[in-house]
Protein chains: 2
Amino acid sequence: MNNKEKLRNAGLRPTKQRMIVADILLNGFNRHFTAENLQDEINSSGNSMSIATVYNCLKKFKNCGLIKQVETSKDTAIFDTNTDYHHHFLNEETGELIDIENEEISLRKLPEIPQGYINNGIEVIIKLKRHN
Amino acid sequence: MNNKEKLRNAGLRPTKQRMIVADILLNGFNRHFTAENLQDEINSSGNSMSIATVYNCLKKFKNCGLIKQVETSKDTAIFDTNTDYHHHFLNEETGELIDIENEEISLRKLPEIPQGYINNGIEVIIKLKRHN
DNA sequence: CAAGTAGTTTAGAACGGTTTTAAAGTAAAA
DNA sequence: TTTTACTTTAAAACCGTTCTAAACTACTTG
């Protein structure tokens, strides 16, 4: 399925800008990135895009499930093209994230989900510190 | 151990402002809060404190391990007086956090820690969605 | 294909949480 | 007591993100 189809399937109009973003993000290689990272990459590929459009686009992609946003307490939003159920190592000094495939972690025991709610995804973060 | 001693043990001067914050946070009852929450509480207790001081104080407390900061991708930093190893439910609609005691989750399998690093804490976030 | 309309992009302003600045104040050390 | 290092503060600055409103573009309908 090409990117135009991916966008249409997700209910998004394949505008010029969204296609540029899709070409960068939906190429099968997973990565973590910020809005600014993405804008830089767009600029250095000879295109250009307003930062507002970058944010709009990321929000739409996220709401459609084409990308994810990672749970970290950093001051900048981090997005992830890996939409599979998975986890992360977090280097707290640098903020760097490394994927942990779902198969590499398994939970033996889970707490009872509060009344009236359902489990909508589990994220495990393993914080790393440099070993001296 | 009283709060003055706790501050000194942590290597912090027990200033008037830090004592006010300690009286609110280090009373044995755990809670999640933002800098603004804390300032409001200080104000409504008849004291007052500049927002810069609230932030300075929270940063110091955090670096000393008197409080923790929770990993969430919300736009406001969330702090936690519960410094024990524990986890959270996250209601993604409201941003509300609920503690999960460490005993309520157990991990069967862990990934290999990248070379040169050590495991510096695992945080599990279980995202909740309202059940209809 | 033309005209209409609903959705999208944009620059720039606004926003909100957090940090910095620099001056005044305070705790501890000498 | 004097000195020194640290702390607090209001206000400004900062920075990531969202809003605004006008121009533009993709799609629909006739």
Side-chain angles (χ1 to χ4, degrees), chain A residues 2-24 32-43 45 47-64 66-80 95, chain B residues 2-24 32-43 45 47-64 66-67 69-80 95 97:
Chain A
N2 64 30
N3 288 336
K4 200 166 211 166
E5 289 171 327
K6 282 184 195 162
L7 292 177
R8 285 203 199 281
N9 283 356
L12 297 178
R13 280 192 188 173
T15 63
K16 178 169 161 260
Q17 288 80 355
R18 286 178 188 157
M19 287 299 292
I20 291 169
V21 172
D23 286 345
I24 292 174
H32 304 113
F33 62 97
T34 66
E36 205 189 347
N37 293 158
L38 181 56
Q39 193 187 32
D40 288 348
E41 188 161 355
I42 291 165
N43 287 338
S45 75
N47 294 293
S48 81
M49 204 173 296
S50 138
I51 192 67
T53 304
V54 174
Y55 278 106
N56 287 343
C57 191
L58 289 174
K59 186 180 281 182
K60 292 279 189 184
F61 276 36
K62 178 184 161 190
N63 289 342
C64 297
L66 292 171
I67 62 174
K68 273 185 165 180
Q69 185 172 356
V70 184
E71 296 289 338
T72 78
S73 54
K74 298 200 66 201
D75 47 2
T76 310
I78 312 250
F79 298 90
D80 191 340
Chain B
N2 65 30
N3 288 337
K4 200 166 209 166
E5 289 171 326
K6 282 183 194 162
L7 292 177
R8 284 203 198 282
N9 283 356
L12 298 177
R13 280 191 189 176
T15 63
K16 178 170 160 258
Q17 289 79 356
R18 286 178 187 157
M19 287 299 291
I20 292 169
V21 172
D23 285 345
I24 292 174
H32 304 114
F33 62 97
T34 65
E36 205 189 348
N37 293 157
L38 180 57
Q39 193 186 32
D40 288 349
E41 187 159 358
I42 290 165
N43 288 338
S45 76
N47 293 294
S48 81
M49 204 174 297
S50 137
I51 191 66
T53 305
V54 174
Y55 278 106
N56 287 343
C57 192
L58 289 174
K59 186 180 280 182
K60 291 279 189 181
F61 276 37
K62 178 184 160 190
N63 289 342
C64 296
L66 291 172
I67 61 174
Q69 185 172 357
V70 184
E71 295 291 337
T72 78
S73 54
K74 296 200 65 199
D75 47 4
T76 310
I78 311 248
F79 297 90
D80 192 339
L97 288 166

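Sequence lines set the chain letters: A, B, ... in the order given, protein chains first and strands last, and positions in each chain run from 1. Note that the structure is predicted; figures quoted are calculated from it, not measured.
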side-chain hydrogen bond (donor to acceptor under 3.5 Å, both in side chains) between T34(B) and N37(B), intermediate numbers included: CA-CA 5 Å; T34(B) 65; N37(B) 293 157; 3.1 Å; yes
Select from R8(A) and R13(B) the residue whose nearest nucleotide in DNA chain D is closer to the 5' end of that strand. R13(B)
Nearest heavy-atom approach of M19(A) to N3(A) is CE-CB, 4.1 Å
When N43(B), V21(B), I20(B) are each screened for side chain to side chain contact (heavy atoms under 4.5 Å, CB included) with L38(B), the one that passes is V21(B)
Of E36(B) and V54(A), the one whose closest DNA chain C nucleotide lies more 5': V54(A)
When G11(B) and S50(B) are each assigned the nearest nucleotide of DNA chain D, the 5'-most assignment goes to G11(B)
Contacting residues from residues 56-64 of chain A, given that a heavy atom lies under 4.0 angstrom of DNA chain D: none
Contact span of DNA chain D against chain B, any nucleotide atom under 4.0 Å from a heavy atom, 5' to 3', runs dA5(D) to dA10(D)
Closest non-hydrogen atom pair between K62(A) and F79(A), with its separation: CD-CE2, 4.3 Å
Along DNA chain C (nearest heavy atom to each residue), the more 5'-positioned of P14(B) and I51(A): I51(A)
Sequence neighbours left out, cut at 3.5 Å: what donor-acceptor pairs do the side chains of residues 4-13 of chain B make with other protein atoms?
| residue | atom | partner | partner atom | Å |
| --- | --- | --- | --- | --- |
| E5(B) | OE1 | N2(B) | N | 3.1 |
| K6(B) | NZ | L26(B) | O | 3.3 |

In whole angstrom, give the distance that lies between atom CZ of R18(A) and atom P of dT10(C). 11 Å
Would you tell me if any nitrogen or oxygen in the side chain of Q17(B) comes within less than 4.0 Å of OP1 or OP2 on dT26(C)? no
Could you give the NZ-to-C1' distance, from K16(B) to dA28(C), as a whole number of Å? 19 Å
Where is the tightest heavy-atom contact between E71(B) and T72(A), given as atom of each residue plus distance? OE1-CA, 3.3 Å
Pairwise distance OG(S45(A)) to CG(N47(A)) - rounded to 0.5 angstrom: 4.0 Å
Mind checking if T53(B) touches a base, just sugar-phosphate, or nothing, with heavy atoms under 4.0 Å? base
When the distance from CE of M19(A) to C1' of dT8(C) is rounded to whole Å, what number comes out? 16 Å
Can you check side chain to side chain contact (heavy atoms under 4.5 Å, CB included) on F33(A) and L58(A), steps first, answer last? CA-CA 11 Å; F33(A) 62 97; L58(A) 289 174; 3.7 Å; yes
What is the distance, to the nearest angstrom, from the CG atom on D75(B) to the P atom on dT18(C)? 8 Å
Nearest atoms (heavy-atom pairs only) where M49(A) meets Q17(A): CE-O, 3.6 Å
Spacing of K4(B) atom NZ relative to dA28(C) atom C1', expressed in whole Å: 12 Å
